[in-house]
Amino acid sequence: MKLTDIDNAIIERARKIKLLILDVDGVLSNGQLFFTNAGEEIKAFNSLDGHGIKALQKSGVQVAIITGRTSHIVETRAASLGISILIQGREDKLAALEEIRQKHDFALEEIAHMGDDHPDLPLIRSLGLGLSVNNAHWLVKKHAHWVSQLKGGEGAVREACDLIMLAQETFDQSIAPYL
């Protein structure tokens with residue numbers, strides 16, 4: 001991804017972002033839900049997304065998770081990535097956003113949200129940068145400012161992190177230790 005390939009309006013929105021909020025099922029995972037006979041939930045997460053999240057946080061952008069389901073595995077994944085803002089079991093994502101904003105000083109235009117389905121629409125439509133995965137519901141993609149080339153659970157979050165860092169001119173610094 002090159003900055004020259006991205007619409008200037010999206011770059012301007014991404015430059016202002018101080019918080020990226022992520023959905024889980026269909027964004028951080030591929031959306032499939034697996035349950036063992038004992039009732040345990042199993043999810044697969046992409047390591048590319050994890051590295052992108054860590055790099056984005058290191059660049060100064062905070063990351064949060066708001067999800068409609070409640071899962072211990074999501075709590076474990078969030079902790080492993082250093083994500084301290086985690087709200088689970090909340091279908092009303094606008095109310096969850098307001099809880100975050102009561103504790104943290106973010107203007108709406110400083111927040112991005114990446115989602116894939118109808119419960120994500122209120123955030124995608126009201127925040128500074130609405131992001132979607134390539135395999136999201138068509139209506140979500142219609143309202144998003146930017147849609148990843150990749151599917152949820154397959155590196156789409158990494159694309160969004162790279163987009164924000166490219167716009168904020170922190171991408172080169174994040175990859176310098178590896179070159």
Side-chain angles (χ1 to χ4, degrees), residues 1-31 45-68 77-78 81 83 85-87 90 93-94 96-97 100-101 104 106-175:
M1 173 186 327
K2 293 186 247 170
L3 214 50
T4 55
D5 297 334
I6 304 165
D7 183 86
N8 285 335
I10 294 168
I11 293 168
E12 287 306 313
R13 287 176 177 275
R15 279 191 176 129
K16 299 175 187 174
I17 300 304
K18 294 182 180 177
L19 174 68
L20 170 62
I21 299 173
L22 300 168
D23 180 31
V24 175
D25 296 322
V27 175
L28 282 170
S29 77
N30 69 4
F45 299 102
N46 191 301
S47 61
L48 290 173
D49 290 339
H51 186 78
I53 289 168
K54 287 180 178 181
L56 185 65
Q57 290 176 87
K58 193 173 180 180
S59 79
V61 175
Q62 291 188 18
V63 177
I65 293 173
I66 300 176
T67 179
R77 182 63 173 154
L81 295 174
I83 298 172
I85 305 171
L86 171 62
I87 300 177
R90 298 294 294 279
K93 294 188 178 189
L94 276 178
L97 170 67
I100 292 171
R101 291 185 68 218
H104 305 276
F106 295 112
L108 292 177
E109 64 270 6
E110 296 173 332
I111 305 172
H113 175 68
M114 188 169 213
D116 71 316
D117 211 346
H118 296 158
D120 300 300
L121 280 170
L123 295 184
I124 286 172
R125 292 175 43 117
S126 64
L127 296 176
L129 182 60
L131 308 166
S132 183
V133 297
N134 191 278
N135 60 325
H137 187 272
W138 65 268
L139 188 59
V140 175
K141 293 195 310 188
K142 177 182 175 183
H143 286 280
H145 299 109
W146 179 85
V147 178
S148 68
Q149 293 180 15
L150 298 173
K151 296 178 180 179
E154 296 182 8
V157 172
R158 174 63 169 276
E159 278 187 284
C161 293
D162 287 354
L163 164 71
I164 294 168
M165 289 189 295
L166 284 166
Q168 295 182 0
E169 299 178 359
T170 58
F171 181 81
D172 288 345
Q173 181 181 347
S174 76
I175 62 167

Spell out, as yes or no, whether a donor-acceptor pair under 3.5 Å connects the side chain of [X] to the backbone of [Y].
X: N135; Y: G152; value: yes
X: H104; Y: F106; value: no
X: Q168; Y: A14; value: yes
X: Q173; Y: T170; value: no
X: D116; Y: V133; value: no
X: E12; Y: N8; value: no
X: S29; Y: G153; value: no

Side-chain contact, heavy-atom cut-off 4.5 Å: [X] with [Y]?
X: L56; Y: M165; result: yes
X: L121; Y: L139; result: yes
X: W146; Y: I11; result: no
X: L163; Y: I10; result: yes
X: M114; Y: L28; result: no
X: K54; Y: L81; result: yes
X: R158; Y: L150; result: no

Taking atom [atom1] of [X] as the centre, does the number of heavy atoms from other residues, nucleotides or ligands within less than 6.0 Å exceed 12?
X: Q149; atom1: CD; answer: no
X: R125; atom1: CZ; answer: no
X: K151; atom1: NZ; answer: no

Of the non-hydrogen atoms in [X] and [Y], which two are nearest, and what is the gap between them?
X: A136; Y: K141; result: CB-CG, 3.8 Å
X: N46; Y: G155; result: ND2-N, 3.6 Å
X: A156; Y: S148; result: CB-OG, 3.4 Å
X: A64; Y: I83; result: CA-CG2, 4.0 Å

Interatomic distance, [X] atom [atom1] to [Y] atom [atom2] [nearest 0.5 angstrom]:
X: H143; Y: S132; atom1: NE2; atom2: OG; answer: 11.0 Å
X: D120; Y: H113; atom1: CG; atom2: NE2; answer: 3.5 Å
X: D49; Y: E154; atom1: CG; atom2: CD; answer: 10.0 Å
X: D23; Y: I65; atom1: CG; atom2: CD1; answer: 9.5 Å
X: R90; Y: L97; atom1: CZ; atom2: CG; answer: 10.5 Å
X: L22; Y: I85; atom1: CG; atom2: CD1; answer: 11.0 Å

Legend entry - Sole candidate of L131, L94, I111 that passes side-chain contact (heavy atoms from CB on, under 4.5 Å) when paired with L123: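 Filter result, single survivor: L94.
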